[in-house]
Amino acid sequence: MVREQEVKSAYEVAKERYAEIGVDTEKAIEQLSKVKLSIHSWQGDDIHGFLNPDQKLTGGIGVSGNYPGIARTPDELTQDLHEGLSLIPGKHKIQLHTLYAVTDRKKDFDEVGPEDFKYWVDWAKEEGVGLDMNGTFFSHPKVKHNFTLASPEKEIRDFWIKVGKQSRAISNYFGEELGQQSVNNFWIPDGFKDNPIDKLSPRKRLIESLDEIIKEEYDEKNTIEAFEGKLFGTGIESYTVGSHLFYNNYAITRDKLWTIDAGHWHPTEDVSDKFSAFMPFGKGLMLHVSRPVRWDSDHVVIFDDALVRITRSLVRDDLLSKTNIGLDFFDATINRVAAWVIGARSTQKALLQAMLAPIDDLKKAENEYDFTKRLAVTEELKSFPFGAVWDEFCQRNNVPVGLDWMDEIRRYEKDVQFKRN
Ligand code: RNT
Ligand code: ZN
């Protein structure tokens, strides 16, 4: 109770400080509560899934670590997700993959359909979350020499086209059942370890396969596709069929979403600078917020400069309504539920800090060439008491304030996760 009052009083002070520069903290709180994050199921089980959990992870991505308590079954994964969600303020979505189908018999990737996701839909309804989808195009013997939809073999392409079509049916089912649009993200690993001769034909084949996948019409109210490019993967260093430019063009010409994964670019490239270059032409964005440490390492997202630049661009350029903010990282060296909580809370904090700024005033100064004011205000803003507003946001959403959530994680690992091994 003492804590509750302290949080309130600190908030009242912060509210006044922000009001002095024309920022309404109540408005920011309201704005933040409308942002749904798309939290990725695969942080909970190191991308094993339930279809072929013993298969090695392929596609040039990797998880390291063996922290105890990994979720091994649908019930364990949903239990962990529930725990994570209880420590993250607000209402969110969960991103699934074909791999997470819950089937009544052994099924291959291309056989999995909406009926195999009823488990998740029932859970999502109970939990009050939305669902997003990802077709799985890796960790399967039919990924031949790192090729799927762009394979030179028709038989291989056809298998993966079917997986893609099924993922759309599943995503549509999520949308219909849960009454909110489900984003269906496509990422494929296709590419070469060493220098290719023919760079054009694989891309033409990929276009053909994708066009075939998206041929059937679905109501966009329920589902929309997003396409995620990449620079390279481990073992696929020299050429990636689905490059950024490829999917940028594909998304625009097909009126679909473009997915920007923060880890998929040259290490010095600022992904946040791309949103405003794409959006005047494109329908919308999906983000995979991630943290590349020297390479596409998928470290847990933290409140760092890269994240702050992403959230500032979204807020300042008013792109939130056209952007789906998904998370994509996998770290097995720490508690996997804590990883979700840290990544999600950091993303929300960075959004809030971006919202707590006199944006219209700054835009005006910029248009009047008052760059002195622009620099002075943005610098001072960095030490404004945004943490007090964040605490108030957590309190109002009935989730632990500050580090209190770690006590709950310690209890959970002791009572639940550590008992699994
Ligand atoms: C891989 C992509 C892709 C995956 C997930 C598991 O580099 O980022 O989004 O991480 O689909
Ligand atoms: Zn990604």
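Fair warning: this is a prediction, and the values are worked out from it, not measured in the lab. All ligand and atom numbering here is 1-based and tracks the order in the structure. The residues of the chain are indexed from 1 along the displayed sequence.
Geometrically, ligand 1 and His288 share a nitrogen or oxygen pair separated by less than 3.5 Å. Checked by distance only, ligand 1 and Asn134 stay at 3.5 Å or farther apart across all their nitrogen or oxygen atoms. The distance criterion of under 3.5 Å between nitrogen or oxygen atoms is not met by Asn185 with respect to ligand 1. Considering backbone and side-chain N/O of His264, one or more are found under 3.5 Å from N/O of ligand 1. Taking only nitrogen or oxygen atoms, main chain and side chain alike, Lys230 reaches within less than 3.5 Å of ligand 1.
Residue Asp296 places a heavy atom less than 4.0 Å from ligand 1. Using a 4.0 angstrom heavy-atom cutoff, His40 does not count as in contact with ligand 1.
A donor-acceptor contact shorter than 3.5 Å is absent between the side chain of Ser38 and the backbone of Gly326.
Remark: minimum distance from atom 10 (O) of ligand 1 to any protein heavy atom is reached at Asp328 OD2, 2.8 Å.
Listed by number with element, the atoms of ligand 1 under 4.0 angstrom from any heavy atom of His97 are 5 (C), 6 (C), 11 (O). The ligand atoms of ligand 1 that sit less than 4.0 angstrom from a heavy atom of Glu228 are 2 (C), 3 (C), 8 (O), 9 (O). Of all atoms in ligand 1, listed by their number and element, those nearer than 4.0 Å to a heavy atom of Phe330 are 10 (O). The ligand atoms of ligand 1 that sit less than 4.0 angstrom from a heavy atom of Ile61 are 1 (C), 7 (O).
Geometrically, Lys165 does not engage Trp160 in a cation-pi contact, judged by NZ or CZ lying under 6.0 Å from the ring centre and within 45° of the ring axis.
Geometry about the Zn ion (ligand 2) gives an angle of 110° between ND1 of His288 and OD2 of Asp261, rounded in steps of 10 degrees. With the Zn ion (ligand 2) as the vertex, OD2 of Asp328 and OE2 of Glu228 span 170° to the nearest 10°.
Separating the NE2 atom in His97 from the CZ atom in Phe109 is a distance of 9.5 Å, to the nearest 0.5 Å. The distance from the NZ atom of Lys322 to the NZ atom of Lys283 is 9.5 Å, given to the nearest 0.5 Å.
For the residue pair Asp328 and Ser290, no side-chain donor N or O sits within less than 3.5 Å of a side-chain acceptor on the partner. Looking at Glu225 and Asn184, their side chains never bring a donor and an acceptor atom within 3.5 Å of each other.
Within a 6.0 Å sphere centred on CD of Glu208, heavy atoms belonging to other residues, nucleotides or ligands number 12 at most.
A ring-centre distance under 6.0 Å is found for Tyr18 and Phe384.
For the side-chain hydrogen bond (donor to acceptor under 3.5 Å, both in side chains) criterion with Asp132, the lone passing option out of Gln180, Gln95, Gln181, Lys93 is Lys93.
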